[in-house]
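Before we start, here is the structure in question, set down as structure tokens.
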Amino acid sequence: MRDITLGQYINGDSVIHRLDPRVRLILTLVYIIMLFLLKSIPQMIMALVLILSAYALVRIPMKMLFKSLKPIIPIVLFTSVLNMFFIGGDEVFSFWKFSVTRQGIYYAVMLSLRVICLLAGSSLLTYTSTPIELTSALELLFMPLAKIGLPVNDLAMMMTIALRFIPTLLEETDKIMAAQKSRGANLDTGNFIERVRALTPILIPLFVSAFRRADELALAMECRCYNGGEGRTRLNALKIKRSDIIAVIVFLGLCALIILSGRIVL
Amino acid sequence: MNDLIRFEKVSFSYGTNNVLDSIDLSVEEGEFLAVLGYNGSGKSTLAKLINGILLPTEGKVYVDGMDTSDETKLSEIRKTAGMVFQNPDNQIVATIVEEDVAFAPENLGLDPAEIRQRVDEAIQAVGLEKHIKDAPHKLSGGQKQRVAIAGVLAMQPRCIILDEPTAMLDPKGRSLVMGVIERLNREKGITIILITHFMEEAALADRILILSDGKVAENGPPKEVFSRKDRMISLGLEVPPVTDLTLRLIDNGLPLEKDIIRPEELVEALLSIKEAAH
Ligand SMILES: Nc1ncnc2c1ncn2[C@@H]1O[C@H](COP(=O)(O)OP(=O)(O)OP(=O)(O)O)[C@@H](O)[C@H]1O
Ligand SMILES: [Mg+2]
């Protein structure tokens with residue numbers, strides 16, 4: 001079974017892996033915003049080349065990327081084709097009642113490229129960051145909001161505990177299912193309603209046990225001097241390094257170049 | 001006085017259920033105390049009273065002279081007396097071993113270099129250097145329990161209270177965890193309060209305290225307490241297996257002492273009988 005707490009994380013030691021997770025997160029956002037500012041196919045192709053070179057840096061096989069793209073291909077094709085038919089302009093060819101225009105084709109290609117880049121960009125973030133890294137990145141990025149009363153520390157702690165307990169609870173669910181089956185519970189047959197009903201004897205023990213665990217965990221945390229996030233320090237505090245700054249400059253430069261190239265060409 | 005922990009006429013009740021009744025108890029710094037008693041005799045309650053998780057309905061509990069009902073001292077008290085629970089799964093907070101061990105020092109607001117040092121020391125003390133970067137849910141029960149002990153050690157407590165720490169472990173995990181506990185006591189001088197249902201674990205302690213009907217029924221060195229089998233049975237307990245065996249051998253006419261509580265002692269005694277026979 002794949003480790004759920006690691007999400008899609010692929011262990012590695014690339015330049016991108018070594019970036020501060022905050023930088024990774026922000027640069028991904030910048031990239032996504034850029035995708036929506038681009039207006040021409042050449043620009044889009046440059047954006048695609050940019051993200052593919054990042055994949056090459058991390059040495060993630062293209063196969064992985066295709067795998068994450070696969071589920072959305074039908075949707076992309078469908079909307080592209082629809083757009084192709086319904087955007088007016090200079091007709092390229094027509095059949096039956098439909099006419100396909102130059103603008104329609106252009107738009108469809110733009111759209112497909114944009115979606116592919118979008119997915120590739122966000123997948124790269126999850127391939128190179130563990131959920132825990134993302135949690136601490138978000139915690140630090142949202143820290144200013146703590147001043148206006150958002151319980152940033154608590155939310156981050158909740159996220160961490162959730163990640164810690166997902167495997168434990170999954171294991172427990174398996175055990176409970178086995179226990180109920182061995183008492184003759186029928187979980188796999190019957191119509192929809194019957195099957196939903198059959199879940200009750202699994203969910204109730206699971207909830208009871210989750211509450212008991214929560215109770216004990218809270219106690220153990222109290223015993224270890226936890227009293228909210230105030231004044232907490234960190235073992236592995238995130239620090240912006242020189243390499244992070246360089247990465248930001250290079251990446252922003254490339255993005256600016258791509259955006260500006262549109263102005264020059266058009 | 002050198003008492004690290006002192007109970008003065010402590011009573012405790014959950015609603016109308018009186019669990020502890022006017023208990024007096026003191027534990028010296030560096031001592032290894034085992035607490036025994038049948039299910040529901042109030043052992044866990046006693047443990048929770050020590051570090052202010054519960055407050056006495058009557059009487060006072062002092063940790064290093066600090067009153068546990070004094071809110072301002074609570075953090076200091078919990079730092080002095082750390083606690084390890086039965087189920088290791090429910091006391092590990094983080095997704096990586098070292099980050100879990102770092103949890104308490106992080107809460108104390110120490111700086112990262114100091115945290116690093118404490119984490120490394122604590123992990124070394126429980127012998128988990130190889131697993132410092134592992135995910136806790138991939139460790140065995142015994143390893144998880146040692147992570148939990150390391151997590152408490154990182155607070156540099158003077159006393160550790162362990163509430164049935166080996167109850168969910170297999171024999172190997174149990175002996176590893178007990179080894180760690182003994183070493184912490186003998187080598188680092190940390191006061192240990194061990195709640196257990198295993199008599200052979202209690203035999204390792206300096207002193208045994210038995211709770212029954214909300215009172216201290218017995219309080220003395222293991223040899224003295226375990227040498228009275230009938231009394232132990234009347235308290236709903238038993239003697240260590242090796243003591244039981246010794247008593248049977250005595251019944252069968254072997255000239256042995258009644259206060260044998262550890263396997264090594266029996267081996268030695270039997271060997272000396274064999275020597276004498278030659
Ligand atoms: N949170 C609670 N609320 C009400 N009653 C409780 C609570 N916790 C424990 N009790 C009761 O207090 C008594 C003592 O419980 P305690 O857990 O201290 O016993 P114990 O000696 O640790 O038992 P065990 O050997 O089973 O761990 C029991 O009768 C129990 O039912
Ligand atoms: Mg108990």
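Quick note on labels: first sequence line is chain A, next is B, and so on, each numbered from 1.
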B:Glu71 atom CD, neighbour heavy-atom count above 12 within 6.0 Å: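 At most 12 heavy atoms, drawn from other residues, nucleotides or ligands, come within 6.0 Å of this atom.
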On a heavy-atom basis, which atom in A:Arg234 and which in B:Pro112 lie closest, and how many Å separate them?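 In this case the closest contact between A:Arg234 and B:Pro112 is O-CG, 3.5 Å.
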A:Arg197 atom CZ: more than 12 heavy-atom contacts under 6.0 Å: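 Counting other residues, nucleotides and ligands, CZ of A:Arg197 stays at 12 neighbours or fewer.
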Let me know if B:Glu98 has heavy atoms under 4.5 Å from chain A in its side chain, its backbone, both or neither.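 Looking at B:Glu98, backbone and side chain both touch chain A.
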Are the side chain of A:Arg213 and the backbone of B:Asp89 linked by a donor-acceptor contact shorter than 3.5 Å?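 Checked: no pair found.
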Within a 6.0 Å radius of atom CD on B:Glu58, are there more than 12 heavy atoms belonging to other residues, nucleotides or ligands?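 12 or below, so no.
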At a 4.5 Å cut-off on heavy atoms, which part of B:Pro105 comes close to chain A: side chain, backbone, both, or neither?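 Contact with chain A involves the backbone of B:Pro105 alone.
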Heavy-atom pair of closest approach, residues A:Cys225 and B:Ser75: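 Nearest pair, atom of A:Cys225 first, then B:Ser75: SG-O, 3.8 Å.
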For a quick test of reading the model, state the closest non-hydrogen atom pair linking A:Leu217 to B:Val93 and the distance between them.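 Minimum heavy-atom contact is CD1-CG2, 4.3 Å.
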So which heavy atom on B:Met83 is nearest to which on A:Cys223, and how close?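 Result for this residue pair: CB-SG, 3.9 Å.
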Tell me whether A:Lys241 at atom NZ has more than 12 heavy atoms from other residues, nucleotides or ligands lying less than 6.0 Å away.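 Atom NZ in A:Lys241 is packed in, count exceeds 12.
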Measuring from A:Ile132:CD1 to B:Glu99:CD, what's the distance to the nearest 0.5 Å?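 The distance works out to 6.5 Å.
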Does any backbone or side-chain atom of B:Ala104 lie under 4.5 Å from a heavy atom of chain A? Answer side chain, backbone, both or neither.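 Interface part for B:Ala104: both.
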Only one of B:Leu108, B:Asn107, B:Asp111, B:Ile115 clears side-chain contact (heavy atoms from CB on, under 4.5 Å) with A:Thr233; which?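 Among the candidates, only B:Ile115 passes.
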Quick one: closest heavy-atom pair of A:Arg224 and B:Gln91, and the distance?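 For A:Arg224 and B:Gln91, the tightest heavy-atom pair comes out as NH1-O, 3.1 Å.
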What part of B:Ile96 is in contact with chain A, defined as an atom under 4.5 angstrom from a non-hydrogen atom: side chain, backbone, both or neither?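 Neither part; nothing is under 4.5 Å.
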For the interface with chain B, which of A:Leu219, A:Ile161, A:Asp215 has the highest count of heavy-atom pairs at distances below 4.5 Å?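 Going by pairs under 4.5 Å, I would pick A:Leu219.
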If I measure from the heavy atoms of chain A, does B:Val101 come under 4.5 Å with its side chain, its backbone, both, or neither?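 Only the backbone of B:Val101 comes within 4.5 Å of chain A.
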Which atoms form the tightest heavy-atom contact between A:Ala220 and B:Phe85, and what is the distance?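 Result for this residue pair: CA-CE1, 3.8 Å.
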Among B:Leu110, B:Asn51, B:Leu74, which residue has the highest count of heavy-atom pairs closer than 4.5 Å to chain A?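 It is B:Leu110.
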Rounded distance (nearest 0.5 Å) linking atom CG of B:Asn90 with atom OG of A:Ser209: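 Those atoms lie 7.5 Å apart.
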Of the backbone (N, CA, C, O) and the side chain (C-beta and beyond), which part of B:Phe103 lies under 4.5 Å from a heavy atom of chain A, both, or neither?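 Both backbone and side chain of B:Phe103 come within 4.5 Å of chain A.
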Expected output: side-chain B:Glu106 to main-chain A:Leu235 donor-acceptor under 3.5 Å: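 Pair found, side chain donor or acceptor close to backbone of A:Leu235.
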If you draw a 6.0 Å radius around CZ in A:Phe142, do more than 12 non-hydrogen atoms from other residues or ligands fall strictly inside?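 Count not over threshold, so no.
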